[in-house]
Amino acid sequence: MSSDLHCCAVSGCADDVLMTRVHAAPERPSRTAFQRDRERIVQARAFRRLAGKTQVFTSRASDHFRSRLTHTIEVIQIARSVAEALGLNQDLAETLALVHDIGHPPFGHAGERALDECLKRHGLRFDHNLHALRIVEHFEQRYAAHRGLNLTLGVREGIIKHSRDYSAEQFPELSGYLLGLRPPLEAQIIDLADEIAYLTADLDDGVESGLLEIDHIRGHVDILAHCYAQVEWEHSGVEAKFLFNEALQLMQNVLTDDLIATTLKNAQAAGVNSLEQVRDHPARLAAFSAPAEAQRQQEKRYLYDTLYTCPALSREHEKAEQVVSELFDFWVSEPQELPSSYVEEIETEGLARVVADYIAGMTDSFILHQYAQIKRTIRR
Ligand code: MG
């Protein structure tokens, strides 16, 4: 058994199938297939729109709150270092981190919930991973010969499977993505890198917003309390806000190191030595240890109870849900008011799905502008 998991990594010789594209594309000797996918995503319009989408805070009361774009960059950092430490394919891990939130609608999870509720009334659902696949396969138009970004199978599979499993019975349209098998480790680490990024960032932004207090966090979040005690001991007499920053960095490192060590241990214990064995293993191998997992869950509950559902954010969420829901109903009843490129899609996709696609692509500021304009039109 090697000291890392390079034998389980997606690489050219290990699994060429994952480098295949729907439309033939000439090789570029200077760049690997996943490096080319990374560039295709960076240049996508949907990627640029992440800068204008809420991560947690919709109001711009601070210039320092994370957007979906800056959150994405933080996930890339973590995913790359985990991939490097485990000997995985860093280009694939980076590309999957880059694209992991591209399917999120405006207004964060409140927008996603609202869009899902709207679609349920039409017998449909909204799922940001499946929407991300629609973006890269259909909505992005950069090539003369075909729609979509023509990404490799490995990246498209990772887009769908990085955070959950889909059953072949329920999602027959995804049958080309090896639904009965686990995704490669490069995809498995993305969801956990995402967790590490937001568990750190949401405490930081929560304190920045004034909705969380450092002492309160220390009293209720064990992992942060332990990290804070350690940095306090190392830097006595330093102001609390600097100690808090140090503690957040330490917490991110502790969780990242735990993910690396536990994933390696799981693979060794299972005797997994190849990508094929990663795929065939009954469970995902990328994981936190039991103590880190318990701390993760404790912090997540704290963030949910104290921050995500606090009155100030609940008011933002209600407003966001109202905007999404009213606009959805407006375009469903007045489809001629949709942009012509969306009207053309109604025949094949159905009206409700097309309206959801249009809304899901919007940034926070664009949807608020649309809302104000349509309210004015209705009043006339
Ligand atoms: Mg994310």
Side-chain angles (χ1 to χ4, degrees), residues 37-38 41-42 44 46-58 64-83 90 92-116 126-136 151 155-166 183 185-206 248 251-252 255-256 259 284 286-288 293 296-297 299-301 303-304 307-308 313 316-317 320 360-364:
D37 281 2
R38 182 180 63 200
I41 292 160
V42 167
F47 180 76
R48 293 200 289 281
R49 294 198 299 266
L50 293 176
K53 295 198 182 206
T54 291
Q55 178 63 17
V56 173
F57 293 92
T58 299
H64 305 128
F65 293 146
R66 270 79 175 174
S67 67
R68 283 269 163 212
L69 182 64
T70 60
H71 159 73
T72 293
I73 293 168
E74 291 174 348
V75 177
I76 291 170
Q77 267 187 316
I78 297 164
R80 270 201 81 98
S81 54
V82 173
Q90 291 179 54
L92 177 56
E94 177 173 3
T95 304
L96 292 176
L98 202 58
V99 77
H100 87 280
D101 268 354
I102 209 167
H104 272 284
F107 303 140
H109 290 289
E112 187 173 12
R113 263 196 316 273
L115 214 41
D116 191 40
F126 183 81
D127 176 303
H128 70 262
N129 291 340
L130 300 183
H131 186 67
L133 191 66
R134 286 167 70 70
I135 289 172
V136 302
L151 301 177
V155 171
R156 284 177 288 126
E157 183 196 0
I159 286 174
I160 303 165
K161 288 159 72 176
H162 71 272
S163 61
R164 56 165 288 196
D165 298 317
Y166 293 83
L185 284 171
E186 287 83 349
Q188 293 189 25
I189 63 170
I190 298 303
D191 196 40
L192 303 174
D194 187 20
E195 293 267 340
I196 295 170
Y198 82 70
L199 288 173
T200 310
D202 291 357
L203 289 182
D204 193 18
D205 284 357
L248 287 176
M251 185 179 92
Q252 183 167 309
L255 288 170
T256 304
L259 171 59
R284 292 177 182 234
F288 295 115
E293 176 58 23
R296 182 192 75 81
Q297 287 182 18
E299 184 188 335
K300 207 164 169 169
R301 271 196 308 277
L303 284 168
Y304 188 84
L307 183 64
Y308 305 149
L313 287 196
E316 285 189 5
H317 296 163
M362 294 178 185
T363 60
D364 296 2

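Hydrogens, waters and symmetry mates play no part in the numbers below; they use all other heavy atoms, side chains included. Read the numbers this way: they start at 1 and go in the same order the structure lists the ligands and their atoms. Just so we're clear, the structure is a prediction, and the values are computed from it rather than from any experiment.
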Are the aromatic rings of His109 and His104 close, with centres under 6.0 Å apart?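 Judged by ring-centre distance (under 6.0 Å), His109 and His104 do meet the cut-off.
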Hey, do the aromatic rings of Tyr198 and His71 have their centres closer than 6.0 Å?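 Centroid distance Tyr198-His71: not below 6.0 Å, so no.
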Please list, in chain and residue-number order, the protein N/O/S atoms closer than 2.8 Å to the Mg ion (ligand 1).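 The answer is His71 NE2, His100 NE2, Asp101 OD2, Asp194 OD1.
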Under 3.5 Å, is there a donor-acceptor pair between the Asp364 and Thr54 side chains?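 Judged by distance alone, the side chains do pair up.
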Could you check whether Asn129 and Ser163, counting side-chain N and O atoms only, form a donor-acceptor pair closer than 3.5 Å?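 Checked: Ser163/Asn129 side chains pair up, N/O donor to acceptor below 3.5 Å.
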Under the salt bridge (Lys or Arg N to Asp or Glu O under 4.0 Å) rule, what pairs show up with a residue in residues 72-83, not counting sequence neighbours?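 Applying salt bridge (Lys or Arg N to Asp or Glu O under 4.0 Å) to every pair that reaches into residues 72-83, excluding sequence neighbours, yields Arg66-Glu74, Arg80-Glu94.
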Under 4.0 Å between a side-chain nitrogen and a carboxylate oxygen: does that hold for Asp127 and Arg164?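 Yes, Asp127 and Arg164 are salt-bridged.
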